[in-house]
Amino acid sequence: MKDVAPREFNGPTERIKKGLLIVYTGDGKGKSTAAYGTVFRSLGRGFKVAVVQFIKGPWISGEIKSLEKFGSQVEYHSVGEGFTWDTKDLKKDVASAKVGWKKCLKLLKDAKHDVYLFDEIIYVLKYKFLTLEEVLSGLNEFKPSLAHVILTGRDAPVELIEWADLVTEMKVVKHPFQKGILAQPGIDY
């Protein structure tokens, strides 16, 4: 049998300290899950984390229950009014998004955290509750240079993808919802 394992590494050899802009997007399950995985890995390293969750509103997920165990190491804010198909109130949804973005900017300006997760913010862009220009401008102006910022949601705009340092697109291959099976506690939330 021929040995085909790589024996030489041609990648970077020096670690560059840079705060990354990370985007998890696509139509598949796992965008928020991947983001929270990064958050929990960061918490395990002793980093301070701030989370602003758009859209989902008062809905409490397993991730949020887990974050509570990290006490002052985490700052969490839920700013949505709930899923847009539940609220059916465009003015209220837009107002919530604007309040949420102001919270994001304040957190970035205060620069007290190492990792910032703005969960579901890409939906806010998709639904035009916020403009891409105001989000990119705010990130450009206030993101601390060594802090990591994670953005999640379907249909990330091309400009955001180009601007980001890391982009992962989740793709649906098979999903229980296609068979009428609703979200499962511990798996989906």
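Values reported hereafter were calculated over all heavy atoms of this structure, with side chains retained and with hydrogens, waters and symmetry mates removed.
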**Request:** Check each of Ile150, Leu20, Leu166 against Thr38 using the side-chain contact (heavy atoms from CB on, under 4.5 Å) test, and report the only one that passes.
**Result:** Ile150
**Message:** Quick check for you: to the nearest 0.5 Å, what is the distance between Leu43 atom CG and Leu67 atom CG?
**Reply:** 6.5 Å
**Which atom of Leu132 lies closest to which atom of Pro157, heavy atoms considered** = CD2-CB, 3.9 Å
**Prompt:** Okay, side chain of Thr25, backbone of Ala156: is any donor-acceptor separation there less than 3.5 Å?
**Reply:** yes
**Request:** Kindly assign one of parallel, tilted or perpendicular to the pair Tyr116 and Phe118, based on the angle between their ring planes and the thresholds 30° and 60°.
**Result:** tilted
**Prompt:** Residues in salt bridge (Lys or Arg N to Asp or Glu O under 4.0 Å) with Lys143, at least two apart?
**Reply:** none
**Request:** Kindly compute the distance separating CD1 (Ile122) from CG (Asp155), expressed to the nearest 0.5 Å.
**Result:** 9.0 Å
**Asked** Which heavy atom in Glu120 sits nearest to a heavy atom in Thr152, and how many Å separate them?
**Response** N-OG1, 2.6 Å
**Prompt:** Is the shortest heavy-atom distance from the side chain of Val79 to the side chain of Val52 under 4.5 Å?
**Reply:** yes
**Message:** With clusters defined by side-chain heavy atoms of hydrophobic residues (ILVMFWY) lying less than 4.5 Å apart, directly or transitively, does Leu146 cluster with Leu21?
**Reply:** no
**Prompt:** Would you say the side chain of Phe129 lies within less than 4.5 Å of the side chain of Leu90, judging by non-hydrogen atoms?
**Reply:** yes
**Request:** State the CG-CD distance between Asp27 and Glu169, to the nearest 0.5 angstrom.
**Result:** 7.0 Å
**Prompt:** Should side-chain heavy atoms under 4.5 Å link Ile, Leu, Val, Met, Phe, Trp and Tyr, which residues sit in the same cluster as Phe177?
**Reply:** Leu182
**Message:** If you define the side chain from C-beta out and look only at heavy atoms, does anything of Val172 sit under 4.5 Å from Gln178?
**Reply:** yes
**Request:** Treating Ile, Leu, Val, Met, Phe, Trp and Tyr as nodes and any side-chain heavy-atom pair under 4.5 angstrom as an edge, say whether Leu130 and Ile161 lie in one connected cluster.
**Result:** yes
**Message:** With rounding to the nearest 0.5 angstrom, report the OG to OH distance, Ser66 to Tyr36.
**Reply:** 10.5 Å
Tabulate below the donor-acceptor pairs under 3.5 Å that side-chain atoms of residues 98-105 make, not counting sequence neighbours, or state none.
none

**Complete:** Scanning both residues in full, the closest heavy-atom pair of Lys179 with Lys174 reads NZ-CE, 4.2 Å
**Prompt:** How close do Asp165 and Lys18 get, heavy atom to heavy atom, and via which atoms?
**Reply:** OD2-NZ, 2.9 Å
**Asked** Should Glu63 and Asp119 count as side-chain neighbours, where that means a heavy-atom distance under 4.5 Å?
**Response** no
**Asked** When rounded to the nearest 0.5 angstrom, what is the spacing between OH in Tyr24 and NZ in Lys31?
**Response** 12.5 Å
**Item:** Heavy-atom pair of closest approach, residues Met170 and Ala34
**Value:** CE-CB, 3.6 Å
**Prompt:** Just wondering, do Trp163 and Leu139 contact through their side chains at under 4.5 Å, heavy atoms?
**Reply:** yes
**Message:** Treating Gln73 as the side-chain partner and Val49 as the backbone partner, does any N or O pair qualify as donor plus acceptor under 3.5 Å?
**Reply:** no
**Request:** Working to the nearest 0.5 Å, report the span between CG of Leu125 and CD of Glu133.
**Result:** 9.5 Å
**Sub-4.5 Å side-chain heavy-atom contact between Asp93 and Tyr127** = no
